[in-house]
J.: 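Structure in structure tokens, see below.
Protein chains get the first letters and strands the later ones, always in sequence-line order, with residue 1 at the start of each.
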2 protein chains.
Amino acid sequence: MKNVTLKHLASKLGLSVSTVSRALTDSYEINVETKKRVKALAEELNYQPNPFAAFLRKHISKTIALIIPEISNNFFSLVIKGVETICAEKDYYVLIYETHEDYKKEVRITNHLIGGRVDGVLISVNSESDNCQHLQELVDRNVKMVMFDRVVENFNASKVYSDDYDSSFAGVSHLVNRGCKRILFLKAGDKLSTMHQREKAYFDVLEKNNLPKDPSFVKSFVPSKEIDLEDLTKFIVEKKPDAIFCSVERLAIGCYDICNNLGLNIPNDIKIITFSCLNVARLLNPSLSTISQPAFEIGKTAARLLLDEIEGKNLADGFANLSLPSTIIKRDSTRKSL
Amino acid sequence: MKNVTLKHLASKLGLSVSTVSRALTDSYEINVETKKRVKALAEELNYQPNPFAAFLRKHISKTIALIIPEISNNFFSLVIKGVETICAEKDYYVLIYETHEDYKKEVRITNHLIGGRVDGVLISVNSESDNCQHLQELVDRNVKMVMFDRVVENFNASKVYSDDYDSSFAGVSHLVNRGCKRILFLKAGDKLSTMHQREKAYFDVLEKNNLPKDPSFVKSFVPSKEIDLEDLTKFIVEKKPDAIFCSVERLAIGCYDICNNLGLNIPNDIKIITFSCLNVARLLNPSLSTISQPAFEIGKTAARLLLDEIEGKNLADGFANLSLPSTIIKRDSTRKSL
């Protein structure tokens with residue numbers, strides 16, 4: 001099938017190539033009726049702009065990249081939905097890339113984006129490295145960027161995240177209010193901004209309640225690897241925590257399996273609360289108490305900020321820094337012990 | 001930052017532009033040592049090929065698109081993992097697109113891909129329409145295509161799917177063997193190849209076991225919409241099915257909620273089995289019996305077929321048609337009644 005060019009459109013419409021081109025890029029110089037006619041024919045004939053020419057001309061691809069560590073995670077699935085909702089309204093395409101927490105893969109992806117493939121990037125950074133040179137390089141080439149959830153503190157970009165400190169504080173306080181004194185904190189790596197906030201809140205709650213702050217009760221897991229259930233089982237058997245505060249969903253799922261294996265009753269022997277957007281948390285045995293981040297809202301807000309930046313509508317005075325509130329949902333896994 | 005061009009590379013290396021260009025595209029005319037030197041410098045300086053020139057030259061973008069109906073679905077998450085595993089090995093990029101079951105959105109996405117953005121497409125089609133003109137148009141423009149899971153019977157392309165008929169037959173037979181006689185079948189729409197197979201197997205099992213074949217016991221849900229729990233509740237109250245065979249995971253989750261609301265005991269009052277790759281099925285209350293499709297393998301197999309086609313390595317004699325086996329995992333939701 002032959003490609004439809006600007007020339008074809010122009011001759012069919014009896015207009016100049018330049019008029020057709022400006023009509024398609026929504027130039028203010030062209031009147032509304034002409035724009036309508038041109039766009040209708042372009043759609044009818046399935047006209048595809050020459051990507052290289054478009055790149056030279058305006059650097060507007062109407063495409064953004066969404067870079068996330070993992071797709072099979074309910075938090076990120078909901079973020080994707082939020083981003084796609086906004087982009088569909090504004091007629092932008094979304095390319096989704098998964099880093100699998102791998103720094104090198106993240107670099108490879110951003111390199112892929114350098115050639116004018118996208119107008120902007122939404123990113124939740126990997127947990128392996130805090131090197132941001134590859135991100136700076138994109139920004140230097142005029143690719144707009146908004147960070148969400150896992151943000152880099154010193155990086156110049158708008159950021160959208162949830163209230164990790166406050167919601168963790170409330171979550172750990174809930175465990176203390178249920179009588180727990182030996183609370184194990186399971187975190188996903190040591191690099192992420194989100195984990196720092198969650199850990200700080202954990203220790204602050206212990207301090208406020210005059211509970212011992214034992215560093216061995218903080219265990220760090222490598223997000224890109226399988227959870228070492230054997231090691232965690234050993235810890236639970238030896239140290240007998242009466243509660244577990246999990247920073248990510250799959251750690252909580254691992255804990256359910258361990259408790260089932262050990263014959264420990266949740267919540268009577270041990271209580272569990274976790275950061276999670278798992279849609280079946282209410283159907284687990286027992287139903288799982290969660291700190292649910294506003295993932296869909298985070299996606300929508302980050303996408304709105306990015307499209308505004310791309311279209312030159314952002315506030316003149318620097319970058320946005322938005323924290324959105326999470327919700328604590330108390331279920332049977334943190335019910336009062338019998 | 002200035003873009004690195006072929007000219008820069010050539011002058012730094014003391015080679016001609018044409019030699020550098022051919023080295024980067026792995027031409028057989030250039031010796032291995034030279035290729036190594038050129039590629040090393042290109043990587044060091046982060047050389048990005050001019051996308052338009054590359055498009056004209058070879059139509060090799062080393063990028064494929066993966067088009068799926070929804071990301072927040074454990075089956076498709078696992079397919080993505082499989083696809084990315086193969087593509088990472090072969091150094092291909094994967095662009096993930098979500099159609100949300102929307103035919104128009106699928107068309108918009110394939111139009112986006114016409115301009116040489118990708119070398120090939122992996123697609124699991126939407127459930128709204130069986131019009132394939134947009135897919136044919138891509139193939140006509142030499143974009144390679146492999147269909148998986150939800151395939152279109154008469155479309156000329158390689159296809160990878162699971163044994164929907166056989167696994168459904170085994171799943172419904174399992175319910176009959178547990179004594180169920182009034183089995184409700186919940187399907188996701190009427191268009192999909194997968195649903196036809198599952199429905200056929202359902203009726204064949206009933207026939208084989210001399211059970212009544214009541215068409216009102218087949219209920220169809222629109223995949224892109226929320227499930228009408230009220231209507232389904234009414235049916236369950238009135239018709240008193242003793243088992244539910246669900247064609248997709250979220251229908252089973254809806255059934256759990258309904259049974260909880262009605263105070264029906266699973267499995268004593270009603271048994272449930274579903275197609276699902278839900279990773280916490282074992283932790284539900286009660287644990288959920290599943291027909292688990294080999295999603296990861298489907299992703300890997302489809303990706304391998306597609307890359308082989310792109311690289312001209314496919315078999316000469318037409319298209320592949322591969323069915324991979326699912327696994328039935330019997331858990332408490334289909335346990336013998338007390």
J.: Taking side chain as everything from C-beta outward and backbone as N, CA, C, O, which of these in B:D91 sits under 4.5 Å from a heavy atom of chain A? Side chain, backbone, both or neither.
T.: both

J.: Can you say whether B:T63 sits under 4.5 Å from chain A via the side chain, the backbone, both, or neither, judging by heavy atoms?
T.: side chain

J.: Contact part of B:L283 toward chain A, heavy-atom cut-off under 4.5 Å: side chain, backbone, both or neither?
T.: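 Both backbone and side chain of B:L283 come within 4.5 Å of chain A.
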
J.: Is the ring pair B:Y93/A:H112 parallel, tilted or perpendicular, if the boundaries are 30 and 60 degrees?
T.: parallel

J.: In Å and rounded to the nearest 0.5 Å, what is the CG to CG distance from B:N285 to A:N285?
T.: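 That separation rounds to 4.0 Å.
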
J.: Using every non-hydrogen atom in the two residues, find where A:L95 and B:Y97 come nearest and quote the distance to one decimal.
T.: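 Distance-wise, the nearest heavy atoms are CD2-OH, 3.0 Å.
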
J.: With a 4.5 angstrom heavy-atom cut-off, is it the side chain or the backbone of B:R282 that approaches chain A, or both, or neither?
T.: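 Side chain only.
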
J.: When only heavy atoms count and the cut-off is under 4.5 Å, which of residues 65-75 of chain A reach chain B?
T.: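 Expected list: A:I71, A:S72.
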
J.: Can you tell which part of B:K62 gets under 4.5 Å to a heavy atom of chain A, answering side chain, backbone, both or neither?
T.: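 Neither part; nothing is under 4.5 Å.
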
J.: Any chance you could measure B:T110, atom OG1, to A:N46, atom CG, to the nearest 0.5 Å?
T.: 8.0 Å

J.: Can you tell which part of A:L284 gets under 4.5 Å to a heavy atom of chain B, answering side chain, backbone, both or neither?
T.: both

J.: Around B:K39, counting heavy atoms of other residues, nucleotides and ligands shown, do more than 12 lie under 6.0 Å from its NZ?
T.: yes

J.: Just to be sure I understand the criterion: a residue of residues 255-268 of chain B counts if one of its heavy atoms is under 4.5 Å from a heavy atom of chain A. Which ones qualify?
T.: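 From residues 255-268 of chain B, the residues near chain A are B:Y256, B:D257, B:N260.
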
J.: Just so I understand: if I count every heavy-atom pair under 4.5 Å between each of B:L288, B:I109, B:I253, B:N111 and chain A, which residue has the most?
T.: B:N111

J.: Taking NZ in B:K104 as the centre, count heavy atoms belonging to other residues, nucleotides or ligands within less than 6.0 Å. Is the count above 12?
T.: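 Atom NZ in B:K104 is not crowded, with 12 or fewer foreign heavy atoms closer than 6.0 Å.
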
